[in-house]
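One structure is given here, and the rest of the page talks about it.
Just so you know, these numbers use all the heavy atoms, side chains as well, and skip hydrogens, waters and symmetry mates. To find a chain, count down the sequence lines: A is the first, B the second, and so on, and within it residues start at 1.
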2 protein chains.
Amino acid sequence: MKKESNITIHDIAKALNISGSTVSRALNDNSRISEKTKKAVRDMAKQLGYQPNALASNLRTSCTKTIGVIIPRISRFFFSSAITGIEELARTRGYSVIICQSNDQESREVDCTKTLFASRVDGVISSIAINTVNFDHYKTFTSRNIPLVFFDRVCDELETSQVVVDDFKGGFLAAEHLISKGCKRIAHLGGPQHLNIYINRLQGYLKALRKHDFEIEEDLIIESLLTREDGKEGAKRLLDSPNRPDAIFAANDISALSIILYAKEIGLRIPEDLAVVGFSNEPFSEFVSPSITTIEQSGFDVGTKATELLLDIITNKTGNHQETIVLPVKLIERESSNR
Amino acid sequence: MKKESNITIHDIAKALNISGSTVSRALNDNSRISEKTKKAVRDMAKQLGYQPNALASNLRTSCTKTIGVIIPRISRFFFSSAITGIEELARTRGYSVIICQSNDQESREVDCTKTLFASRVDGVISSIAINTVNFDHYKTFTSRNIPLVFFDRVCDELETSQVVVDDFKGGFLAAEHLISKGCKRIAHLGGPQHLNIYINRLQGYLKALRKHDFEIEEDLIIESLLTREDGKEGAKRLLDSPNRPDAIFAANDISALSIILYAKEIGLRIPEDLAVVGFSNEPFSEFVSPSITTIEQSGFDVGTKATELLLDIITNKTGNHQETIVLPVKLIERESSNR
DNA sequence: CTGTTAGCGCCTTCAT
DNA sequence: ATGAAGGCGCTAACAG
């Protein structure tokens, strides 16, 4: 279906009896155009209701002022707030944003790269799907020198810049907090161990345990997928056991939620019977507040930082440097009772 | 900055000693091209790593296969799930989606319409900002015959199709549920009364009260903005009062959350001391589960339905019919205790 | 079935 | 300080 005929720069040109090129330059604030002409052009543009056709301009300049984003799912708060951060900064720098969801599936992620490439985005920000093991599809960008920045769930195989939060420290703080509360047997309900973030959270936890000479009990460390069902499975395995732990560090909000709900289901009080620290984001913590302590990460900050990095690469074009930015985490204590 | 030179259909044409148009047609699966040629073209395309340039195609056809979405904020679950619904359907129909956030500000919403128009979207789906009172910016689309569909927060002033949930019924069910539980004085913490959704929720509530011959107490009906702070204000006004209500219907999740948190703060038990029904979305209900009963609406369904409507208009082009679709709500009971 | 031609709206040399 | 001309990559007539 066709659009109605629109006002083009030539209509403005005709109305003013000047050439199209002059209009184009005037609109782009080219220095070689007199102020008077510029003003005349701008006025006429407004009068005619001219709206630039980005398509034509992009085709010509092969630069779309658009950045593409690939994320697992927009409905997870961490990612939607990352997008808010991305959009906000991008907009102030004159860029718009195209979002693609991989739904945490590698095949969809491949589609995303195709879509974004077809849209000729100037750069890409991505957080990989949970089951992505092959990264060839990202070569669509790297091989063509289209800047690429990963955030949160990153890919070390590709030599790109990345923005992550300090997951290791988060895991460390979580475990040490529980230790300081007097907990004796601290479990870990973690995430898939091929993802950098869950590796680091687990390692941080282990470091804290070792530092305080805690015994590391293999069966208190559970790897769970990021689904409600699997989370409940994990919670059961930990809490139904006859000698269950007195504390749990949950590596993501789904795990934390699963723990909380199942604990409630079997009548355990938090934190009296079971102390919980979750790795989480703002709204979650507010909802479960004041029941558990959380390690907070800001999706917004991560998004902003990633965009800053990407736009630097796009505009400076100083060759894809391979920079890694680590953002801090914060422990937010909400449990009132000391144990 | 320029992109590297890319493979075009002409490269394929040259390699195969055929014309560019033939390649174009083969790639678009035109019926007038022989299977043999098609296959040859596809093979060569793959071999050369050809990636279509959507920009050029769009410019030519003046049809971008893109729909624009304007929403208040992506980080609210209702909207992010709506987007998931929109994207999913759009993708299967070959469309991609551009998202713009108004941040619940009219001025930003105006910017969004400009951005989307410049991208030459084929249609627009929008949910209006909380303070939008003037709708002229939408004429960018209507005047140019670009299909426009509103969802959830709709604008009756413009003659467009719209998709809403049954807010009236939701309000009615909420109040009637509380009545059936034996509550005697049911308050309403509602939203801005210039938005259709909050008007309808309030009206539904009033209808239920009248039906059961309840006295309508003006000071139990509070209009609140959709912020955490204002929600707490409202909660205070209702709960600090010496003769406080024994039940509250909260018109959105922020209100519900405010009530729950403040009730907890002053030591009220839910639902024993205070019954609460919230108008809400999935994750919220899961988090606060099992403490309150909720009226559930599915952002995903709303998004899907709006997209269906929009794509119909785009493809049929049967003139912008003005259809209104009302999706059902469900009451999900979670309180265990009868009062 | 396939090739030729023209042009979508804009920007950018090159000329004046 | 401005015009003229060409082309970005693709597709839609119109011819065969």
Does A/R144 count as lying over the ring of A/F117, i.e. NZ or CZ under 6.0 Å from the six-ring centre, within 45 degrees of the axis?
yes

Contact class for [X] (heavy atom, under 4.0 Å): base, sugar-phosphate, or nothing?
X: B/N28; answer: sugar-phosphate
X: B/S21; answer: base
X: A/D11; answer: nothing
X: A/I18; answer: sugar-phosphate
X: A/S34; answer: sugar-phosphate

Which residue lies toward the 5' end of DNA chain C, A/H10 or A/R25, if each is placed at its nearest nucleotide?
A/H10

If you pin B/L59 and B/E35 to their nearest nucleotides in DNA chain C, which one's is more 5'?
B/E35

Between [Y] and [X], do the side chains contain a donor N or O and an acceptor N or O under 3.5 Å apart?
X: B/S127; Y: B/D152; answer: no
X: B/S19; Y: B/T22; answer: yes
X: B/N103; Y: B/R73; answer: yes

Using OP1 and OP2 only, check whether a side-chain N or O of [X] sits under 4.0 Å from [N].
X: A/T61; N: C/dC10; result: no
X: B/S19; N: C/dT2; result: no
X: B/S24; N: D/dT11; result: yes

Find the distance [X]:[atom1] to [N]:[atom2] and express it as a whole number of Å.
X: A/N58; N: C/dC11; atom1: CG; atom2: C1'; result: 12 Å
X: B/N53; N: D/dG9; atom1: CG; atom2: C1'; result: 6 Å
X: B/N30; N: C/dC1; atom1: CG; atom2: C1'; result: 10 Å
X: B/I7; N: D/dG9; atom1: CD1; atom2: C1'; result: 13 Å
X: A/R120; N: D/dG9; atom1: CZ; atom2: C1'; result: 9 Å

So B/F151 and B/F79, would you call those rings parallel, tilted or perpendicular, with 30° and 60° as cut-offs?
perpendicular

Please compare A/T22 and B/I9 by the position of their nearest nucleotide in DNA chain D and report the one closer to 5'.
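Result of the comparison: A/T22.
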
